[in-house]
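Presented below is the structure to which this report refers.
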Amino acid sequence: MPRLPRPTRRGPTRRRPTRRRVAVTTALALAASLSVTALPAHAAPSYASTISATGPTGYWRLGEAPGVTTAVDASGNGHTGSYAAAVIRGSAGAVVGDSDTAASFDGTAGKVTVPDDATLRLNGAFSIELWAKLTQFANSYPGLVVKGSAGTADGYLIWYTSTGVLHFKRNAVDVATPAGALTTGGFSHLVVTNDGTTTRWYVNGVLAKAQAVTYPASAGTAALLLGMGDQYGAHTIDEVAEYSTALTAAQVQQHYYAGATADGVVPSPSPSPSVSPTASPSPSPSPSPTPTPTPPYTGPDPVVAAVGDVACDPSDANYNNGLGSRDYCHARGVANLVSSGSYSALLSIGDQQYTDGTLAKFNESYNTYWGGFNAKTYPVPGNHEYLNGDPSGYYQYFGARAGDPKKGYYSFDLGAWHVVALNGECSYVGGCGAGSPQETFLKNDLAAHRNACTLAFWHEPRFSSGDFGDNGTTFTAFWNDLYAGGAEIVLNGHIHNYERFAPMSPTGVATANGLREFVVGTGGKSLVGFGSALPNSEKRQSSAYGLLSLTLKSTSYSWQYLTENNKAKFTDTGSTSCH
């Protein structure tokens, strides 16, 4: 692509307005340890009524008190189960704000037995849904649900491995998620569906695996066993439901948020602060009360992985069934870096899937090694997601986590930090300049979130020493707003290398109170070199795939660039205070 003209870098350093440093309290969510902008409070239907409204053929809440031997079928279809004595009843349940309890299984003899019925054989379209919390890995093949032999058409099985891989097996066909889908320490919402042609795994409302498969009909009469598989498992399960339909992605998300949030509302990833209409003049208006500052955040410091430009097109000769070649298609190796770190979130900086980001390519390529991180991924789109003007594959794959498909921008909190995800594909969302809908959102969002530290990320960089150059004035309005709002970090991809800049003003002038830009386009697709180094470029490399690891502290941050398999002798580490 042609090299764009470089922006003028001369100009006075701007004085920045003084701002209050108030850290916003964040509730960490389950395994992802994340929070989304606060949800509105209102009276919501119960989790049980949400499930019942979807028409399950069997629904076992597993909330019986200790000593009760029968597991009631809340669907009303009469599929009453019986508890083995080893099952501990009355354990803390999965559903937020619901006093209904759960059942814990000891890994030795715990199970719930439900007699066979034709509706539980799951012929045709079907879904199985439950919440599970892994206590410890017990036995070689611990399971959550089993009916008959999964090696034949007459049975099915849900089981998991010591690395958190979830399996659905039927007729000897195993549909498995990436590693880490089931984690220890908290409940996960698990759904497996089949619409007659494709089996899909969802974890915490996000698609983790899709695989084309058609199952023959079952006439098996074995009992349905809850809480175990081919072998017993040590775990707690809750709210098990089976359906004779394939739940849609929207229904799965609705069920997840009904159980994982206090009011059951699916949070909008792009909440814009509401602007009150101008009131009619009235005599002696009462002044608005001064808002009470939110108490400082006191939880653990999130550690965040950030990278873009990830998965090769499966038709690329270098893709090599996901294994890659010597110099290209290293998405698997970078994914191993994510798996080996204890990351609270993954900031995915666009061009997740090449060449055109269709849903089929996402499911075949990106999902193979990166799908297991979807529950903690915050994505922004890149130019390849919008190639040919059709980003539907990206929005279908990431679902609600990608924000409103008409916008693709949103914001959220990570620990004490406020994070703004922006859409750099400006022409598709009404522009990125001053006064555009997205720039207005950014300005209002920064005004509404006065955190001590702020980070923003989108795909194409404002500044780059890479072969494709920088992006002129395209993102000047973003930089102006972030600079005026006291933000710390801008993350970009697009250029397939790694580069770190010193803090700068929007015109590229070094200043202690500026924005520090990181370009991290090293997620696996390919690597490109550099042209002449721009002013304020402090560190750069184009020889090693890898990711940027950020530790977001209450009033400071530290960074480290991690290379794939530590194959290159390149390091970049540092730390600094928020200003």
Side-chain angles (χ1 to χ4, degrees), residues 16-27 34-40 265-277 291 293-294 297 302 304 306 345 347-350 378-381 398 400-426 428-460 462 474-492 506 513-517 550 552 557 578-579:
R16 310 180 75 179
T18 302
R19 62 185 180 128
R20 295 180 294 116
R21 298 194 174 189
V22 179
V24 177
T25 300
T26 307
L34 308 173
S35 74
V36 183
T37 302
L39 302 173
V265 176
V266 178
S268 170
S270 51
S272 298
S274 60
V275 179
S276 300
T294 304
Y297 174 80
V304 177
L347 304 184
S348 186
I349 321 176
Y378 286 90
V380 292
F398 285 111
R401 301 198 73 86
D404 183 343
K406 296 180 180 178
K407 299 177 181 178
Y409 48 89
Y410 55 96
S411 72
F412 55 98
D413 284 337
L414 279 174
W417 283 61
H418 188 60
V419 181
V420 188
L422 297 172
N423 188 342
E425 308 317 302
C426 306
Y428 297 98
V429 291
C432 296
S436 66
Q438 183 171 200
E439 188 272 338
T440 301
F441 157 80
L442 173 60
K443 185 179 294 184
N444 290 341
D445 185 78
L446 293 171
H449 297 88
R450 307 302 295 176
N451 300 48
C453 308
T454 299
L455 177 156
F457 68 111
W458 66 91
H459 185 55
E460 291 90 349
R462 169 75 170 86
T474 302
F475 302 113
T476 297
F478 286 178
W479 270 69
N480 286 342
D481 290 345
L482 291 164
Y483 181 66
E488 319 299 328
I489 298 174
V490 170
L491 299 176
N492 302 120
N513 289 333
L515 299 166
R516 184 187 297 279
E517 181 191 276
L550 292 167
L552 305 180
Y557 65 94
C578 298
H579 40 258

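Since we're looking at a predicted model, the values are computed, not measured.
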For a 4.5 angstrom cut-off between non-hydrogen side-chain atoms, does L455 reach L347? yes

Working to the nearest 0.5 Å, report the span between CG of L550 and OH of Y557. 8.5 Å

For the residue pair L482 and L442, establish whether any side-chain heavy-atom pair is separated by less than 4.5 Å. yes

Salt bridge (charged side-chain N to carboxylate O under 4.0 Å, His left out) partners of E439, counting only residues at least two apart: K443

Which pair of heavy atoms, one from P379 and one from A402, lies closest together, and at what distance? CG-CA, 4.1 Å

What one should report as the nearest heavy-atom pair of W458 and I349 is O-CG2, 3.2 Å

Using a 4.5 Å cut-off on heavy atoms from C-beta on, say whether the side chain of C432 contacts that of Y409. no

Give the C-alpha distance, both sets of side-chain angles, the deciding distance and a yes or no for side-chain contact (heavy atoms from CB on, under 4.5 Å) between R516 and E488. CA-CA 6 Å; R516 184 187 297 279; E488 319 299 328; over 6 Å; no

Quick check: closest heavy atoms across L515 and V490, and the distance to 0.1 Å? CD1-CG2, 4.2 Å

With N492 via side-chain hydrogen bond (donor to acceptor under 3.5 Å, both in side chains) - residues at least two apart: none

Do D413 and H449 have a side chain donor and acceptor closer than 3.5 Å? no

Closest non-hydrogen contact found for A477 with G433 is CB-C, 3.8 Å

For A452 versus C578, what's the shortest heavy-atom pair and its separation? O-CB, 3.8 Å

Intermediate values then yes/no, side-chain contact (heavy atoms from CB on, under 4.5 Å), R462 and T474: CA-CA 7 Å; R462 169 75 170 86; T474 302; over 6 Å; no

Under 3.5 Å, is there a donor-acceptor pair between the side chain of N451 and the main chain of C453? no

Taking the side chain as C-beta and beyond, is there a heavy-atom pair between E425 and E460 under 4.5 Å? yes

For the residue pair V304 and W417, establish whether any side-chain heavy-atom pair is separated by less than 4.5 Å. no

Is there a side-chain contact between V420 and F441, using heavy atoms and a 4.5 Å cut-off? yes

Side chain proximity check, N423 to Q438, heavy atoms < 4.5 angstrom: yes

Between atom CZ of F412 and atom CG of D445, what is the distance when rounded to the nearest 0.5 Å? 11.0 Å

Nearest heavy-atom pair of P437 and G430: which atoms, and what distance? CD-O, 3.6 Å

With side chains defined as the heavy atoms from C-beta onward, is the minimum distance between L422 and F478 less than 4.5 Å? yes

So how far is it from L552 CG to L414 CG, rounded to the nearest 0.5 Å? 6.5 Å

